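First listed ligand is number 1; within each ligand, the first listed atom is number 1. Only a predicted model underlies this, so the values are computations on that prediction, with no experimental measurement involved. All residue numbers in this chain count up from 1 along the given sequence.
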Amino acid sequence: MNINDAKKALKTYFGYSNFREGQEQIINSILCQRDSLGIMPTGAGKSVCFQIPAMLFSGITIVISPLISLMKDQVNGLNELGINAAYLNSSLTNSQYLSTIENIKNYKYKIIYVAPERLLTDNFINCCLELNISMITIDEAHCISQWGQDFRPSYTKIIDFINNLKIKPIISAFTATATQKVKEDITSILNLKNPFVLVTGFDRKNLFFEVQKPKDKYSYLLNFLKKTNDENGIVYCSTRETVEKVCEYLKVHKYKATRYHAGLADKERKQNQDDFLYDKSKIMVATNAFGMGIDKSNVSFVVHFNMPKDIESYYQEAGRAGRDGSEAHCIILYSGQDLVINSFMIEHSKDRIYEDNEIEKRLKSKDRERLKIMNMYCQTKECLRKFILNYFGEQANDNCQKCINCITKYENVDITLAAQKIISCILRVKENYGTKMIINILRGSKNKRILTLGFDKLSTYGIMNESEIYIRDIINYLIINNYLRVTNDEYPLIKLENKARKFIKDKELLTMKICAEKDIEEIGKTKSSSKSKDVLDIEIDDNLLIKLKALRLEIASEHGVPAFVVFADSALKDMCNKKPVNETQFLEVSGVGQVKLERYGKLFLDVIKSYLNKE
Ligand code: ADP
């Protein structure tokens, strides 16, 4: 059993001819019996990295995954590929549970998905003691660390389960985001032995990034959706109330939208999620409760109706677009209010339980720091892709040409005087106040607090008559460029960095980019004209694609699985491109393996052939 067997399995089962970045190395390391940790961005193809070794090992692989609701789809997906798999979680009835355990004991499955809470039940432990377990895989491994953004206490018990086994299997762990601290936690809590750690590039080349600050987010969203050609997408909102409002609004405007948040009954949540997965609803409006483990491959856009809490969450949520490699669009609709809501959530959220005050203080400060950087992402005029990649510790070019900032024409305006005024004002109040107060003083507000504090007597009072938004933009610019710093306190204060003192002293010239309004229309054109092209810049035959999608939907409904489980959009697009007319050619389509050829080859070939005859 070696990497050549893995390559064969990649083609036979998954229908792919080549490994993606990092897959080969990590599979090789697992096959060499070495504990392995894979840190790869959402959509990079982590599942294949453990599913292929699982197929090749003689024993069983147990996959620990946090999301019960999605295990069924993952298992269905594997069964569609001809791989025997099952899941154990609280959604099973007692008799289903017992019969699955019986089947496990009889080695009917190669892969078993288990919820972490199930691991330490007597029934499961006893079952495992008798089994030949080759590997334990921990998916979404960052959940093990309280320094990560999705800490789950049940994950810390995984090691007790492993220690219970007579022979320690290979451990493989996967996550899309891990800082140094989280990486250390995963390695030490799981007790990985001399692990092979693979961190792939975080760039998702097929994603277009954008931030907008519309006056009316609702009508902006509507206009955006008009350009998306009825494609599937997710709209994330920061609160349940906003989810309700946005979903209702879209329905009124005749969009097939559905909703998902923790306030809904389990049954409705499950139903809505299925409607989205099965393409009955085109748009999912949801809080961040939706999506972890969602591997729907044909999501064409992810809109953040509100700014998310940190770059980690953002990249994970945005990364749910374009998983199959097709072009996809990720946009944040920002407003200053988003910052307020997120700050409130950090201070008052009940989701997080802290062991003691000291830890609470440290973690909250970290959360504020993350939020601050998220906010900077929404303010920067530099390349958005570069910003994200730098955040994850990666180098990147200055100009990706695939984010709004890189394709927007900016004018450089002189902000020297404005910056001097802002910095002087911060000095006058002894660096003891936040952005809003500084702006109010500069604009000569008569608000009671200012008058009580006597700030109307300051020399910087009322010296700017520019708009609040403009002054805020400059302050943000000064923060991003390290002239100013915002503290991580509950009520953040603005402080001067040395660079600001030097700037005042040296009287250097300072310029900031401002969008030239007239170009906005052109930007829209650039993007929509690339819409019907694939990531490889291939024109897609839309008429054939519609026919293939219809056939896919028919098969999916018959089998009771989501459409993308039958074939990903990228596979259908490759069919449109290659137009295969026999089995050998059909096998060359990316995403067509032996099992899919046998199951669906004839049906799809018939559609393609009849289409070609009519052309
Ligand atoms: P992740 O878990 O890293 O978010 P997935 O495992 O869900 O990503 O994979 C994302 C998509 O990429 C899936 O549709 C998967 O079938 C596809 N994929 C995985 N490996 C390859 C490959 N080597 N070539 C082409 N597509 C691949």
Approximate separation, where rounding is to 0.5 Å, of Tyr315 OH and Phe202 CZ: 8.0 Å

Centroid separation Tyr87 to Tyr113 less than 6.0 Å: no

Phe305 ring center within less than 6.0 Å of Tyr236 ring center: no

Side-chain donor-acceptor pair present, Ser172, Thr137, cut-off under 3.5 Å: yes

Gln594 versus Thr12, side-chain donor and acceptor atoms under 3.5 Å: no

Criterion side chain to side chain donor-acceptor pair (under 3.5 Å) on Tyr611 and Asp541, from CA distance to verdict: CA-CA 11 Å; Tyr611 178 80; Asp541 185 336; 2.9 Å; yes

Neighbouring residues of ligand 1, heavy-atom cut-off under 4.0 Å: Tyr16, Asn18, Phe19, Arg20, Gln23, Pro41, Thr42, Gly43, Ala44, Gly45, Lys46, Ser47, Val48, Asp295, Arg323

